[in-house]
Amino acid sequence: MFDREVLRAAAFGGRSGSWPRTFGELAAQVAEHFGRDDGRWVAEPEAALLRVVLDRLPAGGPAGPPIAAPAFGPPGFAEVLGRFHQVHWMEPARGRIDPGPSEVAEALDAGAQAVLLAPIAGDGTSLPDAARLCQARGALLLVDARACVGTRILDGGPERFGDLVLLPPDGEPSAGVCAGAILCGDGTASEADKPGPLGLRKAVAAVAESLRDEPRLRRWFSLAAPQVHRPRAIGKPPAWAVAAAGARLRQARFRADQRARHAQVMRINFGNLPAVEMVTDPTGFQSAGAALPLLAQGRDEVVSALAEQGVPTRGDLAGWLAPEGARGPRALDVADRALLVPLHPFYRPADIEAIGERLRRATLRINGTGWTDPTRGEPEPTGH
């Protein structure tokens, strides 16, 4: 969302102020913000990440080295992973939506030389053990942290793990105005660059979307919740988008704190819904990514019922990466039940209560009267 600081950066950042003016400056600020040693802006993040894998592990030949990846994960990796002929598809861990340490160990036992983890909705519980396992086997750990920045893993964030890491240009897990990503860990600094064309139409659209997302305007006019997405790079972003991303980066920690608090409240509000299973955080972890993950019976019908009530979901965050014949039972179950509720930093208590009530209505409409939990097969009360 654009506030006064971001608007000021977008309007004047290309000519004055302390905001970044080039991709190199922005990449350096992102790397410093997340405690990484190097970073460069890439227009096609998934392709750039796996291109480095091919450069570092040439022994795999034209077919590519053996690599492990989630069977169900960020859709942007589907086309790129299709170029690899030796992919070990990792299932989600039990009760979660991303692979866990056991799945990583199994992939390494199968000969994987690189492991890709891309937490869909802020869940970073597998990263510390995955980093330890990969280091012990001499394998590369690739982490796409774009949907989970702000998550707390013990004493730090997900950006600490991984030989190669993808980070959002503005430090935000949700939609931003600067396309592409910052790739850290390949030892290549951003080259001298010039921003792209001014893009006035894109600027006007970004401001309009920001106004629609402004909490006070939404309160006064009851605007429908916006559909969120991360823009794809079509050429280089304009200078105003680079400056705006730098301004949002300075606010990222505060927004992450708000998301984490909202996630805690949402778990309390959603924790007793029939036919809905929570994906909880273990001790030492706190998810604060782009969405709150739930596992809902009759997910597709629940999503449709929520949409009718003005509540969007983040189905864009996840999709099939594994081909049909390589999808295991846990991956199939998660693909059928994963319900990703957006985590907005500017939710008010009333917003969370409203989402919870609409989710309650949706799941009761789809899954029964509320006297029983359809996932447990309990009998209806007889009244005697």
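Numbers for residues simply follow the sequence, beginning at 1.
Note that CD of Q309 and OG of S304 are 11.5 Å apart. Values are rounded to the nearest 0.5 Å. Separation of atoms CZ (F346) and CD (Q258) is listed at 5.5 Å; rounding is to 0.5 Å. In this structure, CG in L340 is found 8.5 Å from CZ in R314, a value given to the nearest 0.5 Å. Once rounded to the nearest 0.5 Å, the distance linking CZ of F84 with CG of L54 reads 4.0 Å. Distance check: I355 CD1 to R360 CZ gives 13.5 Å after rounding to the nearest 0.5 Å. Remark: R261 CZ to D257 CG distance equals 5.5 Å, nearest 0.5 Å.
L339 places a side-chain heavy atom less than 4.5 Å from the side chain of V302. Counting heavy atoms from C-beta outward, Q297 and E277 have side chains that stay 4.5 Å or more apart. Between P293 and D123, every side-chain heavy-atom pair lies at or beyond the 4.5 Å cut-off. No side-chain heavy atom of R40 sits under 4.5 Å from any side-chain heavy atom of I182. Using a 4.5 Å cut-off on side-chain heavy atoms (C-beta onward), L26 and C178 make contact. Proximity of L81 to W89: side-chain heavy atoms (C-beta onward) are separated by under 4.5 Å at one or more points. Side chains of D98 and F72 form no contact here, defined as non-hydrogen atoms less than 4.5 Å apart. S287 is not listed as a side-chain neighbour of R152, based on a closest heavy-atom distance of 4.5 Å or more.
Hydrophobic clustering (side-chain heavy atoms under 4.5 Å, transitive across Ile, Leu, Val, Met, Phe, Trp, Tyr) keeps L332 apart from L321. Taken together through direct or relayed side-chain contacts under 4.5 Å among Ile, Leu, Val, Met, Phe, Trp and Tyr, L294 and L306 form part of one hydrophobic cluster. Note: the hydrophobic cluster containing V334 does not contain V276 (ILVMFWY, side chain heavy atoms under 4.5 Å, direct or indirect links). Cluster membership for L359 and V279, using ILVMFWY side-chain heavy atoms within less than 4.5 angstrom, is not shared. Neither V149 nor L317 shares a network with the other; the hydrophobic side chains, linked directly or stepwise wherever heavy atoms of I, L, V, M, F, W or Y lie under 4.5 Å apart, form separate groups for each.
Counting only distance, with no hydrogens or angles, the side chain of D351 and the backbone of E353 share no donor-acceptor pair below 3.5 Å. For T363 (side chain) and A275 (main-chain N/O), no donor-acceptor pair under 3.5 Å exists by modelled atom type. Checked by atom type and distance alone, the side chain of S126 never pairs as donor or acceptor with a backbone atom of P101 at under 3.5 Å. Using a distance-only test at 3.5 Å, with no hydrogens or angles considered, a donor-acceptor pair links the side chain of T151 to the main chain of G122. Side-chain atoms of Q113 do not come within 3.5 Å of backbone N or O of A139 as any donor-acceptor pair. Listed for the H262 side chain is a donor-acceptor partner under 3.5 Å among the backbone atoms of Y347. W41 places a side-chain N or O within donor-acceptor distance of the main-chain N or O of A179, the cut-off being under 3.5 Å. The closest donor-acceptor contact from the side chain of R96 to the backbone of T280 lies under 3.5 Å. Not one N or O on the side chain of R361 forms a donor-acceptor pair closer than 3.5 Å with the backbone of A305. Listed for the D38 side chain is a donor-acceptor partner under 3.5 Å among the backbone atoms of G185.
Salt bridge annotation for E46-R51: absent, with no cationic side-chain nitrogen under 4.0 angstrom from a carboxylate oxygen. A salt bridge links R132 to D129: one of the charged nitrogens lies within less than 4.0 Å of a carboxylate oxygen. In this structure, E32 does not pair ionically with R36, as no charged nitrogen and carboxylate oxygen lie closer than 4.0 Å. Salt bridge D336/R299: absent, no basic N to carboxylate O contact under 4.0 Å. Between R259 and E172 there is a salt bridge, with a side-chain nitrogen of the basic residue lying less than 4.0 Å from a carboxylate oxygen of the acidic one. Remark: R56 does not engage D163 in a salt bridge, criterion side-chain N to carboxylate O under 4.0 Å.
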Exercise for the section: Could you give me the CA-CA distance, side-chain angles and deciding distance for L49 and V42, then say whether side chain to side chain contact (heavy atoms under 4.5 Å, CB included) is met? Expected result: CA-CA 9 Å; L49 178 67; V42 290; over 6 Å; no
Practice task
List the steps, then state whether side chain to side chain contact (heavy atoms under 4.5 Å, CB included) holds for L292 with F270.
Solution key: CA-CA 10 Å; L292 180 76; F270 304 169; 3.8 Å; yes
Problem - Trace of the salt bridge (Lys or Arg N to Asp or Glu O under 4.0 Å) decision for R146 with D144 - result: CA-CA 6 Å; R146 289 175 293 173; D144 180 1; 2.8 Å; yes
Problem - Stepwise salt bridge (Lys or Arg N to Asp or Glu O under 4.0 Å) check, R330 with E103 - result: CA-CA 12 Å; R330 288 206 305 274; E103 288 69 36; 2.7 Å; yes
Exercise for the section: Evaluate the side chain to side chain contact (heavy atoms under 4.5 Å, CB included) criterion for residues I67 and Q86: first the C-alpha distance (whole Å), next the side-chain angles of each, then the deciding distance (0.1 Å), finally the verdict. Expected result: CA-CA 6 Å; I67 187 172; Q86 304 178 76; over 6 Å; no
Problem - Full working for side chain to side chain contact (heavy atoms under 4.5 Å, CB included) between L142 and V115 - result: CA-CA 6 Å; L142 323 173; V115 176; over 6 Å; no
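Applying the 6.0 Å contact sphere to CD of Q135 captures no more than 12 heavy atoms from other residues, nucleotides or ligands.
For R267, the side-chain hydrogen bond (donor to acceptor under 3.5 Å, both in side chains) test picks out D281, with sequence neighbours left out. When the side-chain hydrogen bond (donor to acceptor under 3.5 Å, both in side chains) test is applied to D55, no partner is found at least two apart in sequence or on another chain.
The minimum heavy-atom distance between H85 and R83, with the atom names listed, is CD2-O, 3.6 Å. In plain terms, the two heavy atoms of P173 and A290 that are nearest each other are O-CB, 3.5 Å. Closest heavy-atom contact between A107 and H88: CB-CD2, 3.4 Å. Summarising the geometry of E91 relative to P329, their closest heavy-atom pair is OE1-N, 3.2 Å, with the distance given to 0.1 Å. The two atoms that bring L116 and P70 nearest to each other are O-CD, 3.3 Å, heavy atoms only. Listed here is the closest heavy atom pair of L117 and A130: CD1-CB, 3.6 Å.
Only one option out of R250, R255, R248 pairs with D170 in a salt bridge (charged side-chain N to carboxylate O under 4.0 Å, His left out); it is R248.
Membership of an apolar cluster is not assigned to I268, as no side-chain contact below 4.5 Å to another ILVMFWY residue is traced.
Stacking of R327 on the aromatic ring of W320 is recorded, both the 6.0 Å distance cut-off and the 45° axial limit being met.
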